[in-house]
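Letters go in sequence order (proteins before strands), and every chain restarts at 1.
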Protein chains: 2
Amino acid sequence: MTAAASTSRNRRGRPGYDRQQVLEAAVRIFNQQGYDATSVSDIAASLGFAKSALYHHFESKASILELALDDALSGLESALDSAVRDNGSASAQLRQFVHSAVGVLTARLPQVMLLLRVRGNSEVELAALQRRRAFDQRVAMIVAAAQEEGMLRKEIDASVATRLIFGMINSLVEWYRPDGPVDAAELADDVLLATFDGLQTHP
Amino acid sequence: MTAAASTSRNRRGRPGYDRQQVLEAAVRIFNQQGYDATSVSDIAASLGFAKSALYHHFESKASILELALDDALSGLESALDSAVRDNGSASAQLRQFVHSAVGVLTARLPQVMLLLRVRGNSEVELAALQRRRAFDQRVAMIVAAAQEEGMLRKEIDASVATRLIFGMINSLVEWYRPDGPVDAAELADDVLLATFDGLQTHP
DNA sequence: GTCTATATTAGGATAGAC
DNA sequence: GTCTATCCTAATATAGAC
């Protein structure tokens, strides 16, 4: 299957969805209603077919979630890897990662939205949470190192600073929409400015 | 019933829970597992009794949610009312509200946590969302006015600034715990500093 | 204030036809 | 790739006893 096949509608004749299309529809509804509040029938109904048809594409409801969560985590992890690889100082790594994290979040909004709402109610969710915790710890280390380098104020504890920065970033899923009025690239700049320089004039 | 009766355990003899105790337990589990993933049996089990006993205290699962959401919204609304009443300029109103919003969130953590996760899946949730939207709009107006007053940088759109500030604040529910290492009062100061002055040293 | 049924509906998932 | 029919389990809620 070509990469383009996922979003383009170049299949002729019968309806017939492929795995990727079903995945996208499912994730959309998971995000609208919440994973637990979404039934397999809801997903099927949104595609206009019976719920049993879903099991042709996926083993289970949980396996759909698993795929989406893996996508979100992979995106964030590789952005972090790049930031570490591309920069010598922790301060520079942090700056780049904050910027690129906004990029990942806006580019893979549905998957990241799902990830951020996971509560640990199943094996799949627990595995994702564990992977996310490992990731968060790597980020926290970089923030602490950036503070040591003198980039960040000492009055605020590094772990609190980490939570505040990425709390702000993660909260973007609550309102940012690709088709909305806010540009993703500008938003990344705004977040950098807000977190490090503050929103106030002439500090 | 006295106000103290809610948390104090001055009832002798038999177990027997009152409405407030059941409410607290229910909200705790709603937050752990998510509202939709929580069954009435889960709540009952956590209190050590049969699920039918729950219907002695509450009409339905939804009515428990309703009560908690009302508590969260009332707390936030009255903090905003006070901030507006106590200050002349929008800048001062905003500063006070940011500070007190952190206070409300830490003081009524379980209820606010629940509020922030509502998706609109029922009448009760839709009503809460609508009330929250009205509240958010009031806040956005104040941020815009503070920007007009010259308090906030003009490079960042007022509505984006509002989202970023309260995104950071709301994200506290994801990690702040009353019994954790972070002090609520210090946290409110940290958030003020982070949002308005930024996390970077010597700006 | 809590219990043991029980009614009723919806959920995830499978079988096998088209 | 989708359908209808069906299984089985779990969920909300009620009835009525203690």
Side-chain angles (χ1 to χ4, degrees), chain A residues 1-2 5-6 8-27 29-30 32-68 114 118-119 121-125, chain B residues 1 5-6 8-27 29-30 32-68 114 119 121-125:
Chain A
M1 206 227 303
T2 65
S6 65
S8 67
R9 286 301 103 81
N10 46 7
R11 42 189 68 255
R12 304 126 300 159
R14 283 132 289 102
Y17 294 98
D18 65 16
R19 205 176 145 95
Q20 186 63 28
Q21 292 173 301
V22 173
L23 175 66
E24 283 168 19
V27 171
I29 310 192
F30 286 162
Q32 276 164 15
Q33 312 185 338
Y35 176 77
D36 292 298
T38 302
S39 70
V40 174
S41 310
D42 290 337
I43 304 168
S46 88
L47 289 163
F49 56 47
K51 62 177 174 177
S52 60
L54 247 156
Y55 292 90
H56 174 77
H57 300 282
F58 291 95
E59 266 191 339
S60 63
K61 186 185 163 186
S63 69
I64 303 178
L65 179 65
E66 190 170 21
L67 216 66
L114 214 44
V118 151
R119 324 257 350 127
N121 291 331
S122 63
E123 289 296 314
V124 167
E125 295 191 14
Chain B
M1 206 223 307
S6 66
S8 67
R9 286 303 102 83
N10 46 6
R11 40 190 69 253
R12 304 125 300 158
R14 283 133 290 103
Y17 295 98
D18 64 15
R19 203 177 146 96
Q20 186 63 27
Q21 292 173 302
V22 173
L23 175 66
E24 282 167 20
V27 171
I29 310 192
F30 286 162
Q32 275 164 14
Q33 312 185 339
Y35 176 78
D36 292 297
T38 302
S39 71
V40 175
S41 310
D42 291 337
I43 303 168
S46 88
L47 288 163
F49 58 45
K51 62 178 172 176
S52 60
L54 247 156
Y55 291 90
H56 173 76
H57 299 283
F58 290 96
E59 266 190 341
S60 64
K61 185 184 163 186
S63 69
I64 303 178
L65 179 66
E66 191 170 20
L67 216 66
L114 213 44
R119 324 257 349 126
N121 290 332
S122 63
E123 289 296 314
V124 167
E125 295 191 14

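A donor-acceptor contact shorter than 3.5 Å links the side chain of B:Glu125 to the backbone of B:Arg119. B:Gln21 places a side-chain N or O within donor-acceptor distance of the main-chain N or O of B:Asp18, the cut-off being under 3.5 Å.
Sorted by residue number, the members of residues 43-57 of chain B with any non-hydrogen atom under 4.0 Å from DNA chain D read B:Lys51, B:Ser52, B:Tyr55.
The aromatic rings of A:Phe49 and A:Tyr17 sit perpendicular to each other, their planes meeting at more than 60°, with 30° as the lower class boundary.
When rounded to the nearest whole Å, the span between CD1 of A:Ile29 and P of C:dG12 equals 12 Å. Between the CD atom of A:Gln33 and the P atom of C:dG11 there is a distance of 10 Å, given to the nearest Å. Atom CZ of B:Phe58 is separated from atom C1' of D:dT12 by 16 Å (rounded to the nearest Å). For B:Asp42 and D:dA10, the CG to P distance is 12 Å, given to the nearest whole Å. In this structure, the CZ atom of B:Arg19 is 14 Å from the P atom of C:dT2, given to the nearest Å. Between the OH atom of B:Tyr35 and the P atom of D:dA11 there is a distance of 14 Å, rounded to whole Å. Whole-Å rounding puts the A:Leu65 CG to C:dG12 P distance at 13 Å.
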Side chains of residues 38-47 of chain A: which donor-acceptor partners sit under 3.5 Å, not counting sequence neighbours?
{"unit_1": "A:Thr38", "atom_1": "OG1", "unit_2": "A:Ile29", "atom_2": "O", "d": "3.4"}
{"unit_1": "A:Thr38", "atom_1": "OG1", "unit_2": "A:Gln33", "atom_2": "OE1", "d": "3.4"}
{"unit_1": "A:Thr38", "atom_1": "OG1", "unit_2": "A:Gly34", "atom_2": "O", "d": "2.7"}
{"unit_1": "A:Ser39", "atom_1": "OG", "unit_2": "A:Ser41", "atom_2": "N", "d": "3.4"}
{"unit_1": "A:Ser39", "atom_1": "OG", "unit_2": "A:Asp42", "atom_2": "N", "d": "3.1"}
{"unit_1": "A:Ser39", "atom_1": "OG", "unit_2": "A:Asp42", "atom_2": "OD1", "d": "3.4"}
{"unit_1": "A:Ser39", "atom_1": "OG", "unit_2": "A:Asp42", "atom_2": "OD2", "d": "3.3"}
{"unit_1": "A:Asp42", "atom_1": "OD2", "unit_2": "A:Ser39", "atom_2": "N", "d": "3.0"}
{"unit_1": "A:Ser46", "atom_1": "OG", "unit_2": "A:Ile43", "atom_2": "O", "d": "2.9"}

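The structure places CG of A:Leu65 at 6.5 Å from CZ of A:Phe30, a figure rounded to the nearest 0.5 Å.
Relative to the side chain of A:Lys61, the nucleotides D:dT12, C:dA13, C:dT2 differ in distance, and C:dA13 lies closest.
Judged as a side-chain contact (heavy atoms from CB on, under 4.5 Å), and not counting sequence neighbours, the contacts of A:Glu66 are A:Val124.
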